[in-house]
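Notes for the one structure printed next.
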2 protein chains.
Amino acid sequence: MGTMKDVAALAKVGVGTVSRVLNNSGAVKESTRRKVEAAMKELNYIPNAYARGLKMNKTHTIALIIPTIWHPFFSEFAYYVERNLSEHKYKMLLCNSDVSNDKELEYIQMVQENKVDGIIGITYSDLDSFVSSHLPFVTIDRHFKEETVCVTSDNFHAGELAAEKLVEKGCKKLGYIGTHSRFPTETTKRRSGFVEQAELMEIPYAIYDGEDPVVEFKQEIRTFFEENPDVDGVFAHTDFIALDILEVLEEMNRKVPEEVQIIGCDGIKMEAGRKQFLSTIRQPVDLMAKAAVEKIILVIDGESVKTKITLPVHYVEGPTTKNQMSK
Amino acid sequence: MGTMKDVAALAKVGVGTVSRVLNNSGAVKESTRRKVEAAMKELNYIPNAYARGLKMNKTHTIALIIPTIWHPFFSEFAYYVERNLSEHKYKMLLCNSDVSNDKELEYIQMVQENKVDGIIGITYSDLDSFVSSHLPFVTIDRHFKEETVCVTSDNFHAGELAAEKLVEKGCKKLGYIGTHSRFPTETTKRRSGFVEQAELMEIPYAIYDGEDPVVEFKQEIRTFFEENPDVDGVFAHTDFIALDILEVLEEMNRKVPEEVQIIGCDGIKMEAGRKQFLSTIRQPVDLMAKAAVEKIILVIDGESVKTKITLPVHYVEGPTTKNQMSK
DNA sequence: CTGTTAGCGCTTTCAT
DNA sequence: ATGAAAGCGCTAACAG
């Protein structure tokens, strides 16, 4: 595994020429090109990305910062991000922040040392100051003061859709159960969309919305149902919360979907082919990943980008709502 | 964000000195160290990992090659690998091979260009030739001809344990349902352990073991149960297969665990805190990740390493077996 | 069309 | 204890 100099020597040309054939830049006579290619093959030449990165100040690597890859939503997202990056010949450095501010900052630092070309981040801490640096940055579901580009799904409509479906399926009193971060997030609109739609339809509703981190969350859910025994349709802020609700309801001996119907939000699946195990409002994870990758590359290439991209959500029928509530 | 030269200029020292304080190498007078550190702070200096990597021929990055991150087993594994690497100041490049030979090779190539220090791989294709290269390589569950180090769990015992538990819980006829790769894998021992234990206990058993990729797998499972209607305890080669079995059995209107008990294998969980949704034999994913990271770093540092590490598995009780079959 | 050369930012002798 | 200088492998500007 030699260097460019070895190839040049073997092909009896200068290193500049080798570089030219390697990058298809400048004009090279067909015969020399062939000589060089032969030499490369013979030496099993592999260009050194670090040397190139140093020279070009460009690494063709982006960092993905997420709370934890051990979560089906993030792992699906990471899957599609990697796949899209790979199509653009980019590599992906994976960073788990564990929802710790310190770790997020540490990673941003690390990532600058490593000279990634940009960052795609689902972060929940207060990074505003750091994002101000000129590193290309694309966030998911999260606004910063700066004009960073943000990819999100139509969270408001997710809420509307959930309320609408629940009522369509015969619910008489709705509930919203969720938690939110201290920091401004797109996902808080799930609640407002839900509330707005409920009011539009003049359906009564109850709300539980705790601030993360909530301790004894299951107990909170139980209290919610004890205080609102007539709620027969609930929209959970995430699918995992829906799962928690399911567990509580089972403990309380209340049947789903017969007595209470539940719609989650996110649309997590455990692996590519497997079906949903909840009725849910699904975010278009693949499209979000694609958008995030395309945008980050545009930003890296210095093009200006619309600062907010909102993708559509869809209702997916699963086993936690009543099937076909037809006439 | 200046360079080392800027720091040197500001501190009125040579770049060599800056390098020395940065790396704590060589002796530096306390007063100069302070001057340099002040200059670094003032310029907000961040060392360039690419320049260092080029010089040192060491990048502090490893690549993780897995079939797909969108799978709870791999995402848990990746989570722990990243975490352990991070503790050792290493970064992780994530590569999804999509179980495609071409993509695996492409990644190995890409990863060589990028000069990672080593690879941790869960691969299923025929990479033997490439692994022969001198890149430090640690495999999971997979043998190569070469003396690459392999981290695995006690798959044979997993099979034994499953048979034992099933019988302990009252099963009279056992079944094994699984698939296997064309290539030699540690996981085939799950079947042999199961069979050996069944014979030891003199319990009858039936086997379905298809070669990947199996088309119409659900249909195969259904056929298995039609041909073996008396099987009342089955060991699934993976948790996902157990899930498929569950679906088929539901379609066939056979109750789990009342009529048929199922034990899966792997111990997947959707996220860190969440409980198992199957009775299963769990692999110690965290320990496997830790071992893989420790071993790859040893190999990178040129130390010799035991070529095979086998970690213990455990039975975890879930809802697909009968609870407490006590006297 | 192609060879030569000057760095990219860093580490590491080698003097001093 | 520290400055000067060489060079890691590559690209791009400059001659020819």
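Computed from a predicted structure; not experimentally measured. Per chain, numbering begins at 1; letters A, B, ... match sequence-line order. Atoms considered below: every heavy atom in the structure, side chains included; atoms not considered: hydrogens, waters and symmetry mates.
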Distance, rounded to the nearest Å, where A:Asn57 contributes CG and C:dG9 contributes P: 7 Å
Short N-O contact, B:Glu30 and B:Arg34, less than 4.0 angstrom: yes
Value in whole Å for how far the C1' atom of C:dT11 lies from CG of A:Leu54: 13 Å
OP1 or OP2 of C:dC8 under 4.0 Å from side-chain N/O of B:Asn48: no
Touch class at under 4.0 angstrom, heavy-atom based, for A:Met4 against every strand present: base
Phosphate-side-chain proximity, A:Ser19 and D:dT11, N/O vs OP1/OP2 below 4.0 Å: yes
Presence of A:Tyr45 side-chain N/O under 4.0 Å of D:dC10 phosphate oxygens OP1/OP2: yes
Nearest-angstrom distance from the residue atom NZ of A:Lys35 to C1' of C:dC1: 12 Å
Nearest-neighbour nucleotide for the A:Val28 side chain, D:dG9, D:dT11, C:dT2 considered: C:dT2
Pairwise distance CG(A:Asn114) to NZ(B:Lys91) - rounded to 0.5 angstrom: 4.0 Å
A:Asp98 versus B:Tyr79, side-chain donor and acceptor atoms under 3.5 Å: yes
Rounded distance in Å - CZ (B:Arg34) to C1' (D:dA1): 16 Å
Under-3.5 Å donor-acceptor pair between A:Lys55 side chain and D:dG9 base: no
Short side-chain N/O contact from B:Thr32 to OP1 or OP2 of D:dA1, under 4.0 Å: no
B:Arg20 side-chain proximity, nearest of C:dC10, C:dT13, D:dG9: C:dT13
Sugar-phosphate only, base, or nothing, as touched by B:Lys12 at under 4.0 Å among non-hydrogen atoms: sugar-phosphate
Rounded interatomic separation in angstrom, taking NZ from A:Lys58 and P from D:dT11: 13 Å
Sugar-phosphate only, base, or nothing, as touched by A:Asn23 at under 4.0 Å among non-hydrogen atoms: sugar-phosphate
Sugar-phosphate only, base, or nothing, as touched by A:Val15 at under 4.0 Å among non-hydrogen atoms: base
Separation of C:dG3 P from A:Lys29 NZ (nearest whole Å): 10 Å
Expected output: side-chain B:Trp70 to main-chain A:Lys269 donor-acceptor under 3.5 Å: yes
Worked check of salt bridge (Lys or Arg N to Asp or Glu O under 4.0 Å) between A:Arg33 and A:Glu37: CA-CA 6 Å; A:Arg33 143 164 280 112; A:Glu37 278 165 353; 3.6 Å; yes
Nearest to side-chain heavy atoms of A:Thr17, which nucleotide of D:dC10, C:dC8, C:dT2: C:dT2
Nucleotide nearest A:Leu22 (side chain, heavy atoms from C-beta), chosen from C:dC10, D:dT11, D:dA5: D:dT11
Atom-pair distance (NZ on B:Lys5; P on D:dA5), nearest Å: 13 Å
B:Met56 CE - D:dG9 C1' separation (whole Å): 16 Å
Heavy-atom pair of closest approach, residues B:Tyr45 and B:Thr3: CE1-C, 3.6 Å
